[in-house]
Amino acid sequence: DSTVEEMIPGGQVRTTIDRDLQWYADQRLRDVVSSAGADYGLAITMDVRTCQIVQMSQAPTFNPETRDGLEGSALVNRAVSNVFEPGSVMKTITMAALADQGKITSDSKLTVPSAMVIDKFPIGDYWQHGTLKLTAAGVIAKSSNLGTIVAAKQMSDSTFYRYLRAFGFGSKSGIDLPEETVGLVAPAREWTKAKHATTSFGQGVSVNALQMVRAVGAIANGGVMCTPRIVDSVRSGTGSENSVEAGATKRVVSKQAAAEVTRMMEAVTADDGTAPTAQIEGYRVAGKTGTAWRVNPQTGRYVRGQNTISFMGFAPADNPRFITYVVIDKPPRNAGGGSMAGPVFKDIMSMALERFAVAPTGSKSPKIAQEW
């Protein structure tokens with residue numbers, strides 16, 4: 001005996017993706033990855049108010065209509081499945097944790113040494129210098145690893161770890177997509193002095209790109225972190241349409257702490273910052289570059305001379321609407337987050353602001369002291 005069940009028509013999913021912005025970001029990212037000879041690139045844009053993903057691109061990818069480029073690596077959504085060490089973009093989270101505790105402001109004075117040796121591990125900055133007198137904003141603007149370590153010494157391992165978890169690292173973001181990884185954040189009890197130091201500037205901790213967008217998005221959203229979503233509604237086979245409700249939100253740092261870090265991030269895109277290439281005419285832009293040693297996924301070891309570079313930014317800085325994250329894996333050795341990822345951010349963010357008719361606020365970026 002056999003029975004046959006009538007087929008039930010599947011539902012139609014309406015996403016939050018903006019078609020034109022997605023198309024433009026796809027082309028822009030493909031061009032830079034191809035010209036640089038990089039392994040892959042990612043670009044994600046999120047509305048910081050609603051946590052809707054309006055653009056999510058990766059390159060290389062495949063054409064679903066012709067199946068051109070269809071191979072295993074292209075079938076993975078790297079934005080949620082790939083893990084990497086974020087590098088200096090993590091400095092924004094370190095500073096947000098310190099600011100939330102009242103231990104630092106953008107004008108705080110920090111004495112930055114020329115080099116450090118922690119647990120027999122030598123640590124330096126990407127440029128040679130003597131002792132520097134930088135403000136916290138200057139540390140972020142110049143992307144000083146050593147300055148970030150000096151600042152981070154003001155909080156214990158357990159406190160730092162607690163903030164990392166509060167910002168969503170080591171857990172899924174809650175987005176409505178499959179196969180999301182959780183990254184890697186070692187428990188505080190396993191930390192050494194070197195681990196505390198390197199974590200503060202984004203090495204020795206692994207994230208996926210969407211986790212990073214969600215975390216820095218909380219800074220853009222006045223300290224409130226929300227749940228990213230990419231599905232707007234689902235229409236059933238019978239024709240009824242059900243909207244997908246926004247996910248949970250939670251405050252991770254104070255509004256004042258978020259404002260202090262935003263001020264620091266505006267110094268990054270200033271003419272004397274590390275990413276003037278990310279400036280958008282008429283808009284105030286807050287951002288942060290990232291360069292991290294690249295880990296070989298097969299061996300789990302760093303590969304000398306190979307990096308993952310990135311740029312994270314939001315605009316308008318004084319009334320944020322969108323945040324965009326650009327990640328380029330294994331670019332040429334001389335490429336940096338500001339020089340290569342920054343211009344891609346600028347183009348995608350400019351398109352987003354135009355597509356959604358976000359007008360400039362009319363205010364000017366404050367002059368931020370980098371030295372004391």
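Computed from a prediction, not measured in an experiment: that's the story for all the values here.
- Sorted by first and then second residue, the ring pair (Phe, Tyr, Trp, His ring centres under 6.0 Å) pairs involving residues 228-258 (not counting sequence neighbours) form an empty list.
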Would you sort out whether Val295 and Gln306 count as a side chain to side chain contact (heavy atoms under 4.5 Å, CB included), showing the intermediate values?
CA-CA 8 Å; Val295 175; Gln306 294 184 7; over 6 Å; no

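- Between Thr277 and Lys346 the shortest heavy-atom distance is O-CD, 3.4 Å.
- Between Val76 and Gln58, the shortest heavy-atom contact is O-NE2, 2.9 Å.
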Derivation and outcome, side-chain hydrogen bond (donor to acceptor under 3.5 Å, both in side chains), residues Thr16 and Arg229:
CA-CA 8 Å; Thr16 59; Arg229 60 192 180 106; over 6 Å; no

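- Counting only residues at least two apart or in different chains, salt bridge (charged side-chain N to carboxylate O under 4.0 Å, His left out) contacts with residues 240-252 comprise Arg14-Glu241, Arg235-Glu241.
- Not counting sequence neighbours, the partners of Arg162 by the side chain to side chain contact (heavy atoms under 4.5 Å, CB included) test are Thr159.
- Under a 4.0 Å N-O distance rule, the pair Glu190/Lys195 does not qualify as a salt bridge.
- Contacts of Gln154 classified as side chain to side chain donor-acceptor pair (under 3.5 Å), with partners at least two apart in sequence or in another chain: none.
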Let's go through Phe322 and Val48 carefully: what are the C-alpha distance in whole Å and the side-chain angles of both, what is the deciding distance for side chain to side chain contact (heavy atoms under 4.5 Å, CB included) to 0.1 Å, and is it a yes or a no?
CA-CA 6 Å; Phe322 293 111; Val48 300; 5.9 Å; no

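- Sorted by first then second residue, the ring pair (Phe, Tyr, Trp, His ring centres under 6.0 Å) pairs that include residues 162-190, not counting sequence neighbours, number zero.
- Within the structure, the salt bridge (charged side-chain N to carboxylate O under 4.0 Å, His left out) test picks out the following pairs touching residues 322-339 (sequence neighbours left out): Arg294-Asp329.
- Between Phe345 and Phe311, the ring-plane angle classifies as tilted under the 30° and 60° cut-offs.
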